[in-house]
Each structure stands twice: as C-alpha cells, then as structure tokens.
Asker: 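Once you've had a glance at the structure underneath, I'll fire off some questions.
Note that ligands are numbered from 1 as they come in the structure, with each ligand's atoms numbered from 1 the same way.
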Amino acid sequence: MTRRKIIIDCDPGQDDAVALFLAFAAADVFELLGITTVAGNVPLELTQRNARMMCDIAKVDNVPVYAGCNRPLELELATAEAIHGDTGIDGIDVFEPALELADGHAVSFIVDTLLKAEPDSITLVPTGPLTNIATAIRREPRILPAVREIVLMGGAMREGGNHSPSAEFNMLVDPHAADTVFNCGRPVTALGLDVTHQVLSTRERVARIAALDNPVAAATAGMLSFFHRYDSKKYGSEGAPLHDPCTIAYLLEPNLFTDKLVNVSVETESPLTRGHTAVDFWRVTGRPHNTRWVYAVDADGFFELLTARLARFG
Ligand code: RIB
Ligand code: CA
C-alpha cells in the first residue's frame, strides 16, 4: 500500500512531541518527508532542538528537521512557558541531540518539496502557529495543487479560548497566518479545543503508557506527568488534553472522530478577540465551507491507538 506523504510542522511542546512519537510509530502508514519547526510554545531555538531530541529518543535518524520562522507574520511572538516549562518539554531531561539540524529554512523545504510533488500528494500536519505554512503559501502559491490536505490542531468553538477568552493558542499567536491557511483553497481539517479537550491524559492512561517500559513511552509518560498540572489546575480536569496527537490519530483512524464541513474564519484585527475562530457550525453565513471541523472523538479509542502504537518501540 502506498504510504501517505506527510510533513509535520510543530512547536514542541510536550503534546507536539507525542504527536511526533505517534507518527514515528506509524512508519507503515506515513512517509514522513520532514519535520519543520516554528516558534510557538517556546522560541524557535528550543522548538527545533526539542524536535531533534524526539528523533533521538525514538532512534529516528532519517527524517530531516528544519528550523523555520522565529516570529509570527505581523505580531510579536507570544510563548507558553507557563504551560510547557522553560525548556518547552519539561518532564524529561534535556540533552543535546545527535541529529543535526538540516540545512536551509523550513519554508524553503516546504516550497521546494511541494513544487516537485504530484498534485494532491502531500498532507501538511501543522501542530503549532501556522507561520511556516502561511509563509510558504504566500511566497509560492504554486505549491498549493500538491497539497492533498492540511490537518491542523487549532481553533475553538464551544470551548472558548485557552490563551485568551476567545482564542486558542496556535490561532492567537499568528492569526494572520491562520487566515491565510483557512482560506488557501485546499482541504483543511481542523482539530480544535472542542475535540482535544475530550482526550485527557488521566493518571490511569499515563500509567498504562509508562508500563510499556520503553524509552519513548517513558519520555511520553514523563512529559504528560508535567504537562497536565497546568490544565488540571485551570480546568479542574484530571489530566492534560493531548491536543497535537489528535492530528496524527485522525489520519490513522478517522473513524474515531466526528467532523462537519463548515466555514471557519479567523479574527485578525480586534485586540480583544484576535485569533478567534468563527466556526459557522450551523451554516448561517453562506460563507464557503473551507474546513472539516472536528468536534467529537472516541477518547478511549484514541488512547488505545496511542498506547498500542507506543508499544511498538519496545
Ligand atoms: O492550544 C493548544 C496548542 O497550543 C497545542 O498545539 C500546544 O502544543 C500549543 O502549541
Ligand atoms: Ca503545538
């Protein structure tokens, strides 16, 4: 079976890291062409280092990791050390990765790869602010026909915002980039807080992962044990939402998720609501249906998938 070609664009972040592990564990399904990193949870020099660390932990040395944009298109960078810790991946010991950073800018890698690709052949999987993706599209719109789908983590509807009253973090950091991506004309699937807040890394779920007793599972359990404290305090929830791995899980087992084709528009100007994703769930605006909005998931099925895949590193 032909494997699905993907590029993961991320800002590790513990949950980005678990998304990378899940993708690494599905090499039978994905041809991971490259990992591009962007400033978001922590500054770029840390997100690119953290992505390379995850490759080392998983013993993946054949996937290039690129550094991309170090700040949003128009705004100053806002980071989230309060949630992720100063390293961006608190919960495990940081080390200097053996995997070298690939030469060249992430945006150039995205543009060059897509320009050479067949139509509808590459899936982009952004799990951080959309700065790299939007910069590539704006710089070279001729890449768009090669984009099979953009499966992103971001946005919120019923859940409200997590980093402002009305905006989810990835959208808030770079709303101008998000606006470009949602309106790029290629198929967009968005997994926002409405679905990611249903996949909570509870103690028993983390314990099941820790019991797998392999370095990747141990790193996952360590990061989730740190990552949950902020959300548990904030939402009173038992465990942190596993935001970013939902993108990879959706690609692996879409039947676990429920979505609806609607319009999603992003507020880019208002200082009060910048980054808000206006999800026209009831289709009242007549705006083009530009997004598959994912809003429900079988959470137990998600964790069974994640745990089974992480067991493969044994
Ligand atoms: O709002 C959650 C998103 O912001 C996740 O991608 C997390 O890693 C942070 O980037
Ligand atoms: Ca992220």
Asker: Under the side-chain hydrogen bond (donor to acceptor under 3.5 Å, both in side chains) test against Asp11, which residue among Thr37, Asn41, Thr47 passes?
Answerer: Asn41
Asker: Hey, is the main chain of Gly68 close enough, under 3.5 Å, to the side chain of Asn132 for a donor-acceptor pair?
Answerer: no
Asker: Would you please test Arg309 and Asp28 for salt bridge (charged side-chain N to carboxylate O under 4.0 Å, His left out) and show each step?
Answerer: CA-CA 11 Å; Arg309 285 282 176 176; Asp28 54 317; 2.7 Å; yes
Asker: Identify the closest protein heavy atom to atom 1 (O) of ligand 1: which residue and atom is it, and at what distance?
Answerer: Glu168 OE2, 2.6 Å
Asker: Enumerate the atoms of ligand 1 whose separation from the nearest heavy atom of Phe169 is less than 4.0 angstrom.
Answerer: 1 (O), 4 (O), 9 (C), 10 (O)
Asker: Between Asp174 (side chain only) and Leu73 (backbone N and O only), is there a donor and an acceptor less than 3.5 Å apart?
Answerer: yes
Asker: Kindly say whether the aromatic ring centers of Phe30 and Phe24 come within a distance under 6.0 Å.
Answerer: no
Asker: Could you tell me which atoms of ligand 1, counted from 1 in the order shown, lie closer than 4.0 angstrom to a heavy atom of Asp16?
Answerer: 8 (O)
Asker: Let me see the working for Ser166 and His276 under side-chain hydrogen bond (donor to acceptor under 3.5 Å, both in side chains), right down to the final yes or no.
Answerer: CA-CA 5 Å; Ser166 50; His276 174 71; 4.8 Å; no
Asker: At the Ca ion (ligand 2), what is the angle formed between atom O of Thr127 and atom OD1 of Asp11, rounded to the nearest 10°?
Answerer: 90°
Asker: How far is atom 5 (C) of ligand 1 from its nearest protein heavy atom, and which residue and atom is that?
Answerer: Asp15 OD2, 3.2 Å
Asker: Quick check on contacts: which atoms of ligand 1 are under 4.0 angstrom from a heavy atom of Met153?
Answerer: 2 (C), 3 (C), 5 (C), 6 (O)
Asker: Tell me which protein heavy atom sits closest to atom 6 (O) of ligand 1, plus the residue, atom name and distance to 0.1 Å.
Answerer: Asp244 OD1, 2.6 Å
Asker: Considering heavy atoms of the protein only, find what lies nearest to atom 9 (C) of ligand 1 and give residue, atom and distance to 0.1 Å.
Answerer: Asn41 OD1, 3.1 Å
Asker: Short check: any N/O/S atom of Asp244 below 3.0 Å from the Ca ion (ligand 2)?
Answerer: yes
Asker: Which heavy atom of Asn290 sits nearest to which heavy atom of Asn183, and what is that distance?
Answerer: ND2-OD1, 3.5 Å
Asker: Are any of the N or O atoms of Thr127 closer than 3.5 Å to those of ligand 1?
Answerer: yes
Asker: Please confirm if an N, O or S atom belonging to Met153, backbone or side chain, lies less than 3.0 Å from the Ca ion (ligand 2).
Answerer: no
Asker: Considering the heavy atoms of Asp11, write down every atom of ligand 1 situated less than 4.0 Å from one of them.
Answerer: 10 (O)
Asker: Name the residue from Thr291, Asn263, Thr285 that meets the side-chain hydrogen bond (donor to acceptor under 3.5 Å, both in side chains) definition with Asp280.
Answerer: Thr285
